[in-house]
Amino acid sequence: MPWPVTSYPNPISHLPGRMNFGQRLVNTMMFSLTEMMTHVIGSLYDQGDDFGEDLEGFDYGAAMKKAVLYLENSDYILDYAKATFPNFVQVGGLTTGPAKSMPEDLQKYFDSSPDGVVVISMGSMLYNASQSITDKLLSATAKVRMNVVLRLSVDRATVPVPKHVKIVSWFPQNDALGHANTRLFVSHCGKNGFFEGLYHGVPILCTPLNADGYGTAKRVADFGVGGSADLKTITAEELGATINGLVEDPKVGDSMKFYSILFHERPETPAHRAVSALEHVIKHGGEHLKPQTEDLNFVQYIGLDVFCVLILGVLAVPTLLVWGCSVTVRHLVKCRAARSEGSADKGTKQQ
């Protein structure tokens with residue numbers, strides 16, 4: 001896909017959509033290093049360990065370049081604008097859908113929370129969190145002014161579970177976010193949870209832990225549909241205050257509802273877009289969708305060879321001018337010196 005490093009930030013960065021010179025420089029370096037690391041790691045990685053002996057030595061990087069179709073878990077709603085090729089289809093939100101009834105105890109808990117519910121889930125990444133993080137989350141939820149559903153193991157906790165907090169080991173996330181009483185979603189900002197929040201119009205407090213979670217958190221803050229917090233550095237008091245502030249800020253809720261409407265009004269659902277693209281390729285093939293960039297190496301892809309020639313050409317013009325002026329000046333000096341010597345010799349002879 002096209003990757004304009006001057007306008008689209010690396011997904012694992014904290015960079016905004018509108019970057020200054022320094023940020024564009026950092027973004028370009030991150031993109032370049034990512035490309036090089038991908039090639040190096042790919043050459044060292046033994047695919048046979050994952051896919052069996054039949055695929056040992058399989059070059060997945062080359063296969064990706066030759067693929068006729070890409071389905072990406074993204075959507076231009078709540079994202080910075082970027083260009084795509086015809087064989088690149090955005091299908092972000094495949095796990096979204098209308099909310100269904102939850103298990104009886106959980107459904108009753110949401111129904112009996114007219115003041116609202118804050119849903120906190122970091123997926124499987126933080127379920128067995130350290131004692132310090134567990135205690136921080138419990139202390140923070142004690143300051144939240146509404147009911148809380150918290151997906152977390154509290155075996156290591158030294159802080160008591162607040163009475164208004166319901167601890168769960170699992171829950172149907174999409175259905176919980178779709179409940180009318182859900183006010184805020186606190187998440188590590190995985191793509192599925194992010195799109196489920198967008199689908200149901202629920203503001204998000206991102207607590208990114210790795211990879212593209214940081215980029216997602218930056219987008220959530222930039223588009224005004226939530227906020228972000230670093231679980232490692234934020235205090236329990238600050239986290240509780242941040243949650244209350246986002247819930248009580250009408251601008252955040254209105255912004256998320258606006259983008260949720262845009263997401264719903266797209267002509268096709270993510271699943272329909274994926275199926276349509278797959279059926280098209282199965283029926284007609286995909287070579288007519290592929291761009292010519294697959295045959296370019298990294299230097300050619302980013303246009304470095306062309307820019308080098310242009311820069312050399314630009315530098316050559318003043319260089320030639322300076323050289324020409326220098327030659328002309330030296331020639332004029334020599335001519336003047338020759339005339340002066342000629343005049344001197346003529347005067348001597350006349351004497």
Side-chain angles (χ1 to χ4, degrees), residues 1-3 8 11 51 60 63-103 106-107 110 119 121-125 151 170-180 182 184-185 187-204 206 208 211-213 215-217 219-220 223 225-226 255-291:
M1 59 172 288
W3 194 289
Y8 193 82
F51 306 128
Y60 74 96
M64 286 180 64
K65 289 186 66 175
K66 294 180 180 179
V68 296
L69 180 66
Y70 298 90
L71 303 178
E72 189 206 21
N73 194 14
S74 71
D75 196 286
Y76 62 76
I77 304 297
L78 278 189
D79 194 4
Y80 307 123
K82 63 181 179 182
T84 58
F85 290 125
N87 66 337
F88 191 89
V89 181
Q90 296 182 329
V91 295
L94 285 172
T95 63
T96 61
K100 303 174 183 177
S101 295
M102 293 177 280
L106 203 58
Q107 186 71 38
F110 276 81
V119 176
S121 175
M122 313 298 175
S124 58
M125 299 188 65
R151 183 175 186 261
W170 178 89
F171 69 101
Q173 184 170 278
N174 181 73
D175 302 329
L177 294 178
H179 195 281
T182 301
L184 182 71
F185 181 34
S187 165
H188 65 293
C189 270
K191 283 294 185 70
N192 289 338
F194 166 74
F195 280 111
E196 287 165 2
L198 172 62
Y199 180 92
H200 295 292
V202 178
I204 304 174
C206 294
D212 59 351
T216 302
R219 288 161 176 75
V220 166
F223 283 86
V225 297
S255 293
M256 182 55 101
K257 289 176 182 177
F258 170 75
Y259 287 107
S260 181
I261 291 173
L262 296 182
F263 184 75
H264 281 279
E265 290 188 351
R266 291 203 60 179
E268 293 180 312
T269 66
H272 286 155
R273 288 195 294 275
V275 171
S276 296
L278 289 168
E279 288 184 340
H280 178 87
V281 169
I282 291 172
K283 185 176 181 180
H284 303 290
E287 291 299 323
H288 59 289
L289 303 175
K290 294 172 63 176

So, S260 side chain and L198 main chain: donor-acceptor pair closer than 3.5 Å or not? yes
Heavy-atom pair with the smallest gap, counting every atom of [X] and [Y]:
X    : Y    : value
I204 : G197 : CD1-CA, 4.4 Å
L106 : F171 : CD2-CB, 3.5 Å
S187 : M122 : C-SD, 3.9 Å
G193 : Q173 : CA-NE2, 3.3 Å
I77  : Y259 : CG2-O, 3.6 Å
R151 : W170 : NE-CA, 3.7 Å

For a quick test of your reading: what N or O donor-acceptor pairs under 3.5 Å do the side chains of residues 280-289 make, sequence neighbours left out?
residue	atom	partner	partner atom	Å
H280	NE2	H288	NE2	2.9

Greater than 12 external heavy atoms within 6.0 Å of H272's NE2: no
Pairwise side-chain contact, S255 with P203, heavy-atom cut-off 4.5 Å (strictly under): no
Within the 4.5 Å heavy-atom criterion, are F110 and D175 side-chain neighbours or not? no
Please determine whether side chain to side chain contact (heavy atoms under 4.5 Å, CB included) holds for the pair D75 and F194, giving the CA-CA distance in whole Å, both sets of side-chain angles, and the decisive distance to 0.1 Å. CA-CA 11 Å; D75 196 286; F194 166 74; over 6 Å; no
Test side chain to side chain contact (heavy atoms under 4.5 Å, CB included), reference F195, set N174, N73, L78, output is N73
Check the angle between the aromatic planes of Y199 and H264 and answer parallel, tilted or perpendicular using the 30° and 60° thresholds. tilted
Validation: residues 87-98 side-chain donor-acceptor distances under 3.5 Å, sequence neighbours left out:
residue	atom	partner	partner atom	Å
Q90	OE1	Y76	N	3.1
Q90	NE2	S74	OG	3.4
T95	OG1	E196	OE2	2.8
T96	OG1	G93	O	2.5

Could you tell me the separation between the CD atom of Q107 and the NE2 atom of H179, rounded to the nearest 0.5 Å? 5.0 Å
